[in-house]
Engineer: 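One structure is given below, represented as structure tokens, and several questions about it will come after.
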Amino acid sequence: MDSSAARGATAQDLARKQREISVAEFFEKNRQILGFDSPQRSLATCVKEAVDNSLDACEEAGLLPDIYVEIRRAPGDAANLFRVIVEDNGPGIVAEQVPRVFGKLLYGSHFHVIRQSRGQQGIGISACVLYAQLTTGRPALVLTKTAPDRPASRVELTLDTRRNEARVLRREEASWDRPRGTRVELEVRGAYFTGRRSVPEYLRACAIVNPHARITFLDPEGMEARFDRSSDHLPRLPGESKPHPGGTEMGTLLKMVEHYAGALGEFLQGEFARVGPKTAREIADAAQMDPQMRVGDLTRGQAQRLVESFRRVKLLPPSADSLSPIGEDLMFRGLQKGVTADFISVVTRPPGSHGGHPFIVEVALAYGGAAPREEKVEVLRFANRVPLLYQPGACALTHAVERVHWRPYGLDQSGESLPQGPALLLVHLASTHVPFVSESKDAVADIPEVLAELDLALKQVGRDLKGFLSKRKGIEKRREKEDLIQRILPKLAEKVGGVLQRPPPDTAPVVARIMGNLLLQRDGARLHAANHGEAPRRFHLAARSHQVRKEWDLSLEPGARRTLDFPADHVHVEGLPAEMVTLGRGLAPLDDGKSPRGPVTRVHNPGRREAPAGPTSSSLAPLPRTGATGKRETSPTTLAAFSAEPEKPEEATRP
């Protein structure tokens, strides 16, 4: 037996064993922290990190993202080996930077900048390279091109974990038909599946909150899925921000003043966000310090008083210029593209702050359509436009949904759990510093300020849902009443006509008067519109006669009538529920495929331009914002419908 072991290790023995641990070695042995804890999650993480990088790069370069994702089975007998390919049309990467970007952990361009971005630490894609070489021993292949007139660079590399540096195995020029962009290929051990928390689910969710992106996916079976963009507008690129005094701690302050040679007042105004001359004086007075004193002469005690004064002085909240929320219109379009629904409500809350970091909470609720009625609602969680697939039970976004009492809003709920019903909730947190609970970035911590804003937004969409369900119930009662009248009145008219030996009269005008509806009648070569309701009616009317089509925007006061010189045989009304429109004899609903609105649009707020009822095209202009909450109602739509371009009417008149 070793004598040193028998007597116990000395301090000198222990010192000889100690050595520095690189960050790559740490994550090599603790890869589960980064999201590589199971074959299923590992495959999804590799796709997620590569797609997030592509979206960030395209947006920063001002390019509409066009991303191609492919998962193919690796050659050989192993069923759990896959080749992951992600390709984009971004600005590309300078050849000298490729080894650092893909082969060095904690290397990136976002960590030292205070603004919203998908990635921050510079760990994601290099961690995927590390996981690939750990599980398959294969190097990563990167193909990148920065300009149409320059050749592409092809680099094969692995990661040296001892030194946390890339080991370039091969570097060469290559030809590539893209004008610019980046393509990364990784061979990894994983498990491919569909359904919740899978790669297809991530891409679907990604398309919902990034409606400006086109994503094409080819699965291992060769089946292609395409998520077309529904908006040609890039999100606003957030600007950089200075640190806010409300989130500054003692060590950070000492680091900031270390090399500053100016006066305290100048330091506060120049180095912090939202601090003007008046606020700077108030902070100095609260700390019992002279605004003209040299910052370099600060003692530790004075620095502590300064930090405490940040908490006592009333400060302006952080600016939201460093944030880029999705926005109500794009959330609505994204949900229309990805789900079927009868009603959609979207809310973007005003900016808030936590620990000196600005944030914005956004919530959308889609109700009805194909959603199952007896299951818990689906909650789509996002942070800085990135889908959060795992750890829903540990996430503040889920906790906020569970803490709302949903029964008064029309959804079943048992205790503090997710509600049940045919609904989907989208919850998004945009912040310069998302408080994730771990490095895998799958769950948001329970920050009180964030939870409070989420509660307000969720209750707002709940109230919108309650109003929609209430109005729909009234419409159903109205439909039942009209059905009863329609069964009795024609028979009565037929009997009276028989007694008088005359043809039975058109009962539509009588039904319209009883129900208070908008009546559309044809009289020879003219079309009549009459408002029998007690409120003004504004609506869009489309009519067709043989192959001729015309459109009008009309407004009728109660009891008013409008005559149009057009021999219509088919009509379509947008802006009123179908139950409030009565068609006279000889008229039929218009459904000629030339309008994406569908045969009849149903809305719960007459007079306001609402979402179209039928298949919607991605080329439509942005919908107008409607009030503080952006409520809109739409009939069910399908994903396939968004690839169709709308045809223009042959003739359109706007009196």
Side-chain angles (χ1 to χ4, degrees), residues 342 475-476 478-494 497 503-533 537-554 556 561-603 606 610-617 633-637 641 644 646-655:
D342 301 319
I475 290 292
E476 290 174 354
R478 184 185 186 93
R479 186 186 302 122
E480 292 174 359
K481 178 181 177 181
E482 185 171 357
D483 288 344
L484 181 61
I485 294 173
Q486 291 283 19
R487 286 199 303 269
I488 297 175
L489 199 59
K491 293 182 179 180
L492 182 61
E494 186 178 351
D506 184 5
T507 59
V510 181
V511 173
R513 290 190 184 95
I514 295 174
M515 298 300 301
N517 282 358
L518 171 71
L519 173 66
L520 296 176
Q521 278 184 300
R522 189 181 69 176
D523 177 16
R526 294 182 297 178
L527 178 65
H528 303 285
N531 180 11
H532 293 287
R537 298 271 170 79
R538 294 171 57 89
F539 56 95
H540 181 79
L541 174 64
R544 188 190 67 190
S545 175
H546 302 291
Q547 299 302 317
V548 180
R549 176 189 174 96
K550 289 190 176 184
E551 298 184 26
W552 302 264
D553 283 325
L554 300 178
L556 295 178
R561 182 184 182 92
R562 179 74 180 270
T563 298
L564 305 170
D565 292 326
F566 186 71
D569 48 23
H570 289 77
V571 292
H572 164 83
V573 175
E574 179 186 4
L576 292 177
E579 291 78 6
M580 291 186 177
V581 179
T582 300
L583 302 184
R585 182 180 296 168
L587 288 179
L590 173 64
D591 187 13
D592 59 358
K594 293 188 177 183
S595 173
R597 301 185 185 96
V600 177
T601 300
R602 298 183 178 181
V603 298
E610 294 284 355
T616 306
S617 169
E633 177 184 355
T634 174
S635 296
T637 59
E647 298 181 30
K648 295 182 179 179
E650 296 177 12
E651 183 177 356
T653 59
R654 302 282 185 179

Engineer: Among Thr563, Asp569, Leu587, whose side chain to side chain contact (heavy atoms under 4.5 Å, CB included) with Leu527 holds?
Structural biologist: Leu587
Engineer: Nearest 0.5 Å please: distance from the CG atom of Leu520 over to the CZ atom of Arg562.
Structural biologist: 12.5 Å
Engineer: For a 4.5 angstrom cut-off between non-hydrogen side-chain atoms, does Val571 reach Val581?
Structural biologist: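 The answer is no, as the side chains (C-beta and beyond) never meet within the 4.5 Å cut-off.
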Engineer: Please report the shortest heavy-atom distance between Leu519 and Ala512, naming the atom on each side.
Structural biologist: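 Leu519 and Ala512 have their closest heavy atoms at CB-CB, 3.8 Å.
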Engineer: With rounding to the nearest 0.5 Å, note down the distance linking NE2 in His540 to CG in Leu554.
Structural biologist: 9.0 Å
Engineer: Check Val548 against Phe566 and note the closest heavy-atom contact, atom names and distance.
Structural biologist: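 Looks like O-CZ, 3.6 Å.
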Engineer: For the residue pair Gly516 and Arg537, what are the closest heavy atoms and their distance?
Structural biologist: O-NH2, 3.1 Å
Engineer: Is there any salt bridge (charged side-chain N to carboxylate O under 4.0 Å, His left out) pair reaching into residues 514-527, and which pairs are they, with sequence neighbours excluded?
Structural biologist: Asp523-Arg526
Engineer: Minimum heavy-atom separation for Arg544 to Leu590, with atom names?
Structural biologist: CB-CD1, 3.9 Å
Engineer: Under the side chain to side chain donor-acceptor pair (under 3.5 Å) test, which residues partner Ser545, sequence neighbours left out?
Structural biologist: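 Counting only residues at least two positions away or on another chain, Ser545 forms no side chain to side chain donor-acceptor pair (under 3.5 Å).
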Engineer: Which atom names give the shortest non-hydrogen contact between Leu556 and Asn531, and what distance separates them?
Structural biologist: O-ND2, 3.1 Å
Engineer: Determine which pairs satisfy side chain to side chain donor-acceptor pair (under 3.5 Å) with at least one residue from residues 580-589, sequence neighbours left out, and list them in order.
Structural biologist: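 Matches after skipping sequence neighbours: Asn517-Thr582.
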Engineer: So, taking the atom named NE2 in His546 and the one named NE2 in His570, what distance separates them when rounded to the nearest 0.5 Å?
Structural biologist: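 If we round to the nearest 0.5 Å, His546:NE2 and His570:NE2 are 11.0 Å apart.
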Engineer: To the nearest 0.5 angstrom, please state how far the CD atom of Gln521 sits from the NE2 atom of His528.
Structural biologist: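 Between atom CD of Gln521 and atom NE2 of His528 there are 7.0 Å.
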